[in-house]
Every structure is written in structure tokens, then in C-alpha cells.
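Convention: sequence-line order gives letters A, B, ...; per-chain numbering from 1.
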There are 2 protein chains.
Amino acid sequence: MQDKPLRQSRIQKKNREAILTAALREFSARGFAGTTIDQIADAAGLSKPNVLYYFQSKDAIHESLLRELLDLWLDPLRELRAEGDPQDQILAYAKRKLELSRDYPQESRLFANEVLQGAERLAPILGGELRELVDEKSALIARWIADGRIAQVDPHHLLFSIWALTQHYADFEVQVRAVLGPEHDPYVEAGVFLDLLYRRLLRPQPRE
Amino acid sequence: MQDKPLRQSRIQKKNREAILTAALREFSARGFAGTTIDQIADAAGLSKPNVLYYFQSKDAIHESLLRELLDLWLDPLRELRAEGDPQDQILAYAKRKLELSRDYPQESRLFANEVLQGAERLAPILGGELRELVDEKSALIARWIADGRIAQVDPHHLLFSIWALTQHYADFEVQVRAVLGPEHDPYVEAGVFLDLLYRRLLRPQPRE
DNA sequence: CAAATTATTGACCATCTGGTCAGGATCACG
DNA sequence: CGTGATCCTGACCAGATGGTCAATAATTTG
């Protein structure tokens, strides 16, 4: 809701950090409703009232995490540039998103949990900021297509496909690992696969 | 755990059905922990003790739903046949999965919720039955590749990609709709996009 | 229709959970 | 070192929740 004082003492910074880290782990593993403040407090090495000293409520912790998450999540798309080779740009975006799934799987699952359950808290952002960003980048992709620099595809669904394919490896990690077995490295293989997939999808077609 | 008596009275059948339908809606919308027996009871038009007369516990309802779900979820893959054109087979599989997302989004979200949160209940199936099924079908795809009938791709990740791309439209439905706006029909567009994507991905390559 | 079986419920309970609060410990700083 | 601000805690509370049970209503069946 309102911003906290900008000057944070050393100890304040440390404890807020610890709480958010703990809460991210718990929320992403068990969902918001499935997590208790006590679990967060234990994981952060604090008492429950102490956690509530730093955050007004369980909801406030959640909201704080979500706000942090959004930039991390949207930034890669912002970096999709008009300059440079279109195929390289899109391939690089897919790669960045996959790395995000690999390096921040908890964040991915927190986001998935939220969207899966209606995303009431995120709805305004999804229909506002995100939609505008997507529309902008879709227009860019459409221009590339019109110029014959990449093959014809629906730009929106191209972006959805990148989200789906990359987040799948974080969100459904247990399934992926269960099916592949321990001797595989899902993210390495996925990197190769995605590169191949988008090269073939986007390669300008000779005729139509 | 144990099977219920095979002879179910009319009324038993009706009420069990109502409970499961209500529970599916609630669980898929709010997760297991976020749903109370009272909510399920209300949605089913029964009292809480009456719900517990038909199912031993909230957990039992959940488990019952999960068991039902599994066949629905795995059947399409079982129908991937060695006979017929490989590309048609895979395209048809992707189409079936997309239809499943469209027609059973609640089931998709229930499954997603479960896997997302560690899938403890499903783990044995994921690593057992599912893994065997996937290995079998991957071998089939590998044969198609070896015979030059489709392009070279990692069979496992090809299957993952179909899961990810199709389930995304059910699991992230609010995001998809928020970004696309109301004038779009995500599933129709996705059908076209997926068809295109897998045709280009699988088309046998001229050279290597 | 009467007995036996099945279905339903209100009242109740133990536990858990988010959150409060008064008071005490610790720390920063003049 | 003293004092005000910050930090921390045990005890507590009200409401929610999963689940039980004895009693009653409805239904099936002989």
C-alpha cells in the first residue's frame, strides 16, 4: 500500500530480506493459502510477531513479492529491440526467458500460482501495462513479417508460445524431471530444442 | 483408499457427482488449501456434514478428483499411433490436447495446481506410468525421425512442448484473455498457430 | 405398512491461524 | 552513559476450519 521509510537500518534491511526470501520459498511451494505466517517466520528464523512487525500482514508480504517479481518478469520482453536481426532478437528473448525459468523457478511458480487462481491482484497489470507492452512488441514482430524478414506467424501467439515453453520447465519441473529421469539436464536440452524450434518456425518461407 | 460399494443408490450417485463437480470448480479456482469443505458443500447444495457423509475427508475428495483426472489427461497420448502419417499423428495429438484445454480448463488447472506444488500425490504416477508411456511414444517418434519421415527433434521435448503450449491456454487463461482482449478467440487462434508451428518444425529438412 | 437401511442435520469440539498488545531487550547516538 | 527509538517476544484472542456424533428424517425393502 504505502511506501516504507526510505532509510532502512541495517537490521531492518536484513530481516525484511530474510522474510521475503523465506516467503517466496513457502508461497511458491504451497501457494498463498497453503502457507502460514509461522512457516515463513520459522524459515526466516524469526518469531511470528516479529514478522508482523516488519510487514503489516501476510497479504502485505505477498504483495511485496509480487511487485518485486513483475519487473524481473517483464524486463526481458522490453529488451526485444527493433534493431538487429529479427530472428536473433526473438531467439535471444526465448533464451533469456528460459534462463529466467532456470535461475528463478520459485518466482516463476509464484507467478503461475497467482495467474492460475484468477490473478485478481495482477489483473489490472495484465490488462494494462503487460497488454500495452505486448501490443507494442507484437506490432514490431508484425513489421518484421511484413518486411519478409521472418516467416508469417501470429505475433501474440508467438509470444505466448515463448512464455509457455520456457515457464513450463520451471512450473512443471517435477513432471519434467520425473519423465526425463535424473541423467538429463532439462534446461540444456530445452535450450537446444527451443533454438531449433524457433529457427524453423521463423525462417522466411520461400513461397506461399 | 478403498473402493466404495459398487452398488450405488440413485441418490448416492447424484450427490457424489454434485460434490465432485463442486469440488473441481473450487479446487481449480483456489487450490486445495484455499478451499473449505463449506464452500464445496454450498456449491453442491449440501450441508458440510452431509458432504463428509459421502467422502471421508477433504483429502478424499481431492484424491478422487485426481484419480478421475488422470485418465482424461493421459488418454490422448495413448492414441498416438505408429500407423498413419507421423506428422498427422503428432498434429492430431496437439489438437486433441488443445481441445482438452478448451473443454476441460478446470481439470487442467487442478492438475497444474498439483504439479506446481510438488505433486507429492502424483509423483509415483509421473515417474511410473507416465514416464513409461512417454518413453514408449518417444521411441516411436525417434523411429519416425530415423526413417526420415519427420525432421530431427528431441522427442521428449517435442512432447513437453505440446503439453506446455496447449495447457498454457487453460492454465494462464486470464493472462491470455487480458492480453488479447475480448474480441479474440484464443483457442481458435491457438489451433491455427500450433498447426503452423508443428508443420514447420516437423517438415523433413532437405539437407543437414 | 413396518422394519431396516440410508440420508441428513444441528450442535459441538479441538486445532489452527492471522493478528494484537503490553512490556521488555537492544541499539544508535548525543 | 543515558535516553529515546527501534526491535523483539510471550501471552492472548477471535474467528475459521476439518471433522465428529447422536438424533432425526427419508427411503427402500420385505
Is the closest basic N to carboxylate O distance between B/Glu68 and B/Arg16 below 4.0 Å? no
State whether B/Asn15 places a side-chain N or O below 4.0 Å from either non-bridging phosphate oxygen (OP1 or OP2) of C/dT6. no
Measure the distance from CG on B/Asp42 to P on C/dT9 and round it to the nearest whole Å. 12 Å
Checking A/Arg102 against A/Tyr169: charged group under 6.0 Å from the ring centre and within 45 degrees of the axis? no
Distance in angstrom units between B/Phe32 CZ and D/dT17 P, rounded: 13 Å
According to a strict under-4.0 Å criterion, is A/Arg10 in side-chain N/O contact with OP1 or OP2 of C/dC27? no
Looking at B/Asp59 and B/Arg121, is any side-chain nitrogen of the basic one under 4.0 Å from a carboxylate oxygen of the acidic one? yes
Picking from C/dT9, D/dT6, C/dG18, the nucleotide nearest the side-chain atoms of B/Ser47 would be C/dT9
Tell me what A/Ile11 touches on the nucleic acid: a base, only sugar-phosphate, or nothing, going by heavy atoms under 4.0 Å. sugar-phosphate
If you round to the nearest 0.5 Å, how far is CG of A/Leu158 from CH2 of A/Trp163? 10.5 Å
Carboxylate-amine/guanidinium contact A/Glu173 A/Arg177, below 4.0 Å: yes
Side chain of A/Asn50 only, heavy atoms from C-beta on: which candidate in D/dG18, C/dG18, D/dC8 is closest? D/dC8
A/Tyr53 has its side chain closest, among D/dT6, D/dG18, C/dG19, to D/dT6
Among D/dG10, C/dA7, D/dT6, which nucleotide sits nearest the side chain of A/Pro49? D/dG10
Nearest-nucleotide pick for A/Thr36, side chain only, options being D/dG19, D/dT9, C/dG18: C/dG18
Atom CD1 of B/Ile37 and atom C1' of D/dG18 are separated, to the nearest Å, by 5 Å
Candidate nucleotides D/dC8, D/dG19, C/dT8, ranked by approach to the side chain of A/Tyr54 - the nearest: D/dC8
The residue, A/Lys48 or A/Val51, whose nearest nucleotide of DNA chain D is more 5′ is A/Val51
Would you mind classifying the nucleic acid contact of A/Leu52 as base, sugar-phosphate or nothing, using non-hydrogen atoms under 4.0 angstrom? base
Rounded to the nearest Å, what distance is computed from the CG atom of residue B/Asp38 to the P atom of nucleotide C/dC12? 17 Å
D/dC7 OP1/OP2 closer than 4.0 Å to side-chain N/O of A/Ser9: yes
Once you round it to whole Å, what is the distance between P of C/dA7 and CZ of B/Phe55? 13 Å
Starting from P on C/dG18, measure out to CG on A/Asp59 and report it in whole angstrom. 11 Å
Under 3.5 Å, is there an N or O donor on one side and an acceptor on the other linking the side chain of B/Lys58 and the base of D/dG19? no
Looking only at the side chain of B/Gln12 (C-beta and beyond, no hydrogens), which of the listed nucleotides C/dT6, C/dG19, D/dT6 gets closest? C/dT6
